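Contents: one structure, followed by commentary.
Here is the naming used below: chain letters follow the sequence lines, and residue numbers restart at 1 for every chain. The shown structure was predicted, so the numbers you read here are calculated from the model rather than taken from an experiment.
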Amino acid sequence: MLALVDGNNFYVSCERVFRPSLEGRPVVVLSNNDGCAIARSNEAKALGIGMADPWFQWRHLEEEAGVVVLSANFVLYGDMSDRFMTLAAGLGPAQEIYSIDECFIDLAGVRGDLVARSHKVRDRIHRWIGIPTCIGIAPTKTLAKLANHVAKDAERKPGSYPAELARVCHLGALDAAARDAILQATPVTDVWGVGRRQGAKLRAGQVHTALDLARANAAAIRAQFGVVMERTVRELQGTSCISLDDAPPPQQQVACTRSFGHTIATLPPLVEAVSEFATRAAEKLRRQGSLAGRVMVFAHTSPHRHGPQWARSTVQPLRRPTDDTTALIHAAQAGMRAIYEAGYDLVKAGVMLLDLQPGTQHQNELDLEPEEDGSSSPARDRSALMAAMDKVNEKYGKGTLHSGSTGGAGKNRVWTMRADRRTPCYTTRWEDMPVVRA
DNA sequence: TCTGGGGTCCTAGGACCC
DNA sequence: TCTGGGGTCCTAGGACCC
């Protein structure tokens with residue numbers, strides 16, 4: 001048996017811990033540039049605000065309904081997540097952290113009343129860190145996700161599911177008729193693994209509910225929808241196809257991508273932006289202890305606007321796998337120069353580091369030994385510099401120290417101190433910043 | 001006017017090899 | 001005229017998740 005423990009409206013709940021006055025009020029947390037709603041309180045959901053809805057469509061509710069709007073604070077959410085995961089791990093012998101706000105727990109070997117035990121863990125999480133959670137229990141991951149959905153809706157929308165399933169829902173403890181009734185009451189698009197596209201296709205084939213999908217012929221589903229959907233069907237039938245992964249391998253790619261908040265049509269700010277993205281991505285890379293073999297760069301126009309569309313990407317191989325910020329910036333800049341074309345209003349760009357492998361720069365460098373005169377090697381200097389920058393940026397905030405990129409690729413390299421950390425880095429006018437020599 | 005960011009997995013098709 | 005079959009690797013694109 002598996003449990004899925006999921007923090008309710010996680011980012012909003014984190015904010016409420018430190019601002020209790022937000023309790024009971026409609027609250028949303030917005031993405032980068034205050035573009036989209038990425039978390040909503042129950043009160044905000046009740047107003048109709050959807051996940052990832054562009055905020056300009058709902059801005060009027062700030063006045064009309066007193067919606068409280070917050071910019072995301074991911075450092076805070078990450079910290080709360082760590083505490084949340086530690087407490088949730090107490091539910092069973094193994095844990096898979098699935099996202100910032102949810103984890104699967106293996107309940108194999110856990111004796112006693114699983115529902116009572118789950119309520120205890122819920123209460124502990126709420127008392128100790130202030131985050132409300134729901135827990136779904138079932139024999140497979142897909143069913144545990146569904147049980148969690150039931151636990152949430154039974155609490156949030158009275159009447160949608162039996163009230164006794166609110167907060168903790170153990171599907172495995174129900175008899176077949178009761179379980180089928182739950183699946184019958186669940187739209188197929190609420191099933192984990194069924195998105196908008198496949199959901200529409202399923203409905204066109206008269207598969208409307210989770211029960212319809214559970215009773216579908218797995219082979220026929222595979223032929224029409226592929227192996228992923230076939231697994232979903234089997235999981236709904238109670239056959240576990242997706243195992244618990246309590247030691248996931250390191251990520252296969254690392255990305256930093258951003259919308260600009262305004263359009264960019266010329267090369268210099270694009271080059272600056274991808275330099276910044278490469279810097280952020282390199283930090284993540286070093287944190288994870290990996291080296292990248294290739295760098296992908298992309299930029300595109302807004303798909304939401306009329307007018308000429310443009311989107312391009314390119315992959316730059318590196319001479320050797322590296323985690324060195326300077327090398328990654330150079331590759332990103334070269335890529336952007338190669339794909340850039342004048343005449344388009346670009347709204348987003350990004351850098352992705354590919355072909356990751358374990359290791360750190362100095363392990364991979366041949367010239368790590370000190371020079372004969374006792375001075376240190378360039379590779380070791382760079383490695384130490386990267387580590388020092390990571391420490392400063394961790395302590396004083398992202399982008400406090402970064403590699404200057406405006407003076408041409410590496411020609412007059414300087415280290416600049418950010419003038420104003422409240423401004424998103426990609427809209428800061430870097431040429432206005434004071435220069436501090438390292 | 002204003003539309004997130006960071007991931008995963010699967011599939012199809014082309015190039016290449018023997 | 002008639003043009004194999006099987007394998008690998010790579011890439012692009014689609015679909016999904018939170």
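Of the candidates B:dT3, B:dG5, C:dC18, B:dG5 carries the atom nearest the A:Lys348 side chain, counting heavy atoms from C-beta on. In this structure, the nucleotide among B:dG5, B:dG4, B:dC2 sitting nearest to the side chain of A:Ala52 is B:dG4. Checking B:dG4, B:dC10, B:dG5 against every side-chain atom of A:Ser31, the shortest atom distance belongs to B:dG4. Of the candidates B:dG6, B:dC2, B:dT3, B:dC2 carries the atom nearest the A:Arg59 side chain, counting heavy atoms from C-beta on. Residue A:Gln251 has its side chain nearest to B:dG7 when only B:dG4, B:dC10, B:dG7 are considered. For A:Ile38, taking side-chain heavy atoms from C-beta onward, the closest of the listed nucleotides C:dC18, B:dG4, B:dG7 is B:dG4. With B:dT3, B:dT8, B:dG7 as the choices, the nucleotide that has an atom nearest any side-chain atom of A:Cys36 turns out to be B:dT3. Comparing B:dG4, B:dT8, C:dC17 by their closest approach to the side chain of A:Ser259 singles out B:dG4. The A:Phe56 side chain lies nearest to B:dC2 when the options are B:dC2, B:dG7, B:dG4. Side-chain atoms of A:Ser99 lie closest to C:dC18 of the nucleotides B:dG4, C:dA15, C:dC18.
For the pair A:Arg127 and A:Asp123, the salt-bridge criterion is not met [side-chain N within less than 4.0 Å of a carboxylate O]. Of the charged side-chain nitrogens involved, at least one lies within less than 4.0 Å of a carboxylate oxygen, so that A:Asp180 and A:Arg215 count as a salt-bridged pair. Ionic pairing of A:Arg40 and A:Asp53 is not present here: no N-O contact between side-chain nitrogen and carboxylate oxygen is shorter than 4.0 angstrom.
More than 12 heavy atoms of other shown residues, nucleotides or ligands fall within 6.0 angstrom of atom NZ in A:Lys201.
Side-chain N/O atoms of A:Thr257 include one lying less than 4.0 angstrom from OP1 or OP2 on B:dG6. Residue A:Gln198 places no side-chain N or O under 4.0 Å from the OP1 or OP2 atom of C:dG14. For the OP1/OP2 pair of B:dC10 and a distance below 4.0 Å, the side-chain nitrogens and oxygens of A:Arg231 include at least one atom meeting the criterion.
Using a 4.0 Å heavy-atom distance criterion, A:Val29 is classed as making no nucleic acid contact. Backbone-only engagement by A:Trp192 is indicated by non-hydrogen atom pairs under 4.0 Å involving sugar-phosphate atoms exclusively. Among the atoms of the strands shown, only primed sugar atoms or phosphate atoms (P, OP1, OP2) are found under 4.0 Å from some heavy atom of A:Arg294. Using a 4.0 Å heavy-atom criterion, one finds that A:Asp101 contacts the sugar-phosphate atoms exclusively. Backbone-only contact: A:Gly195 has heavy atoms under 4.0 Å from sugar-phosphate atoms and none from a base. Residue A:Ala255 is classed as a sugar-phosphate contact, given heavy-atom separations below 4.0 Å to backbone atoms only. Using a 4.0 Å heavy-atom distance criterion, A:Lys145 is classed as a sugar-phosphate-only contact. Among the heavy atoms of the strands lying under 4.0 Å from A:Gln253 is at least one base atom, whether or not backbone atoms are also near. Contacts of A:Val315 with the nucleic acid, taken as non-hydrogen atoms under 4.0 Å apart, are absent. Nucleic acid contact class of A:Val227 (heavy atoms, under 4.0 Å, all strands): sugar-phosphate only. Within the nucleic acid shown, A:Phe10 has no heavy atom closer than 4.0 Å to any nucleic acid atom.
Geometric assessment of A:Lys348 against the ring of A:Phe260 yields a negative cation-pi assignment under the 6.0 Å and 45° thresholds.
Spacing between B:dT3 and C:dC18 at atom P, rounded to whole Å, works out to 25 Å.
Atom C1' of nucleotide B:dG4 and atom NE2 of A:His300 are separated by 11 Å, given to the nearest angstrom. Going from atom CZ of A:Arg40 over to atom P of B:dG4 covers 15 Å, rounded to whole Å. Atom-to-atom, OH of A:Tyr98 to C1' of B:dT8 comes out at 8 Å; the value is rounded to the nearest Å. If you take CE of A:Met352 and C1' of B:dG7, they are 8 Å apart, rounded to a whole angstrom. Across the protein-nucleic acid pair, A:Arg197 atom CZ and C:dC16 atom P stand 8 Å apart, rounded to whole Å. What separates NE2 of A:His306 from P of B:dT3 is a distance of 14 Å, to the nearest Å. The CG-P distance, from A:Asp355 to C:dT11, rounds to 8 Å in whole Å. In this structure, the CD1 atom of A:Ile100 is 18 Å from the C1' atom of B:dT8, given to the nearest Å.
For the atom pair CD1 (A:Ile221) and CZ (A:Arg234), the distance works out to 11.0 Å, reported to the nearest 0.5 Å. Taking CD of A:Glu96 as the reference point, atom OG of A:Ser243 lies at 8.0 Å (rounded to 0.5 Å).
Ring planes of A:Tyr98 and A:Phe104: perpendicular class, angle over 60° (limits at 30 and 60°).
A residue-by-residue look at A:Val228 and A:Lys284 shows that A:Lys284 has its nearest nucleotide of DNA chain B further toward the 5' end.
As the counterpart of C:dC18, B:dG5 is assigned, both hydrogen-bonding distances of the Watson-Crick or G-U wobble pattern falling under 3.5 Å.
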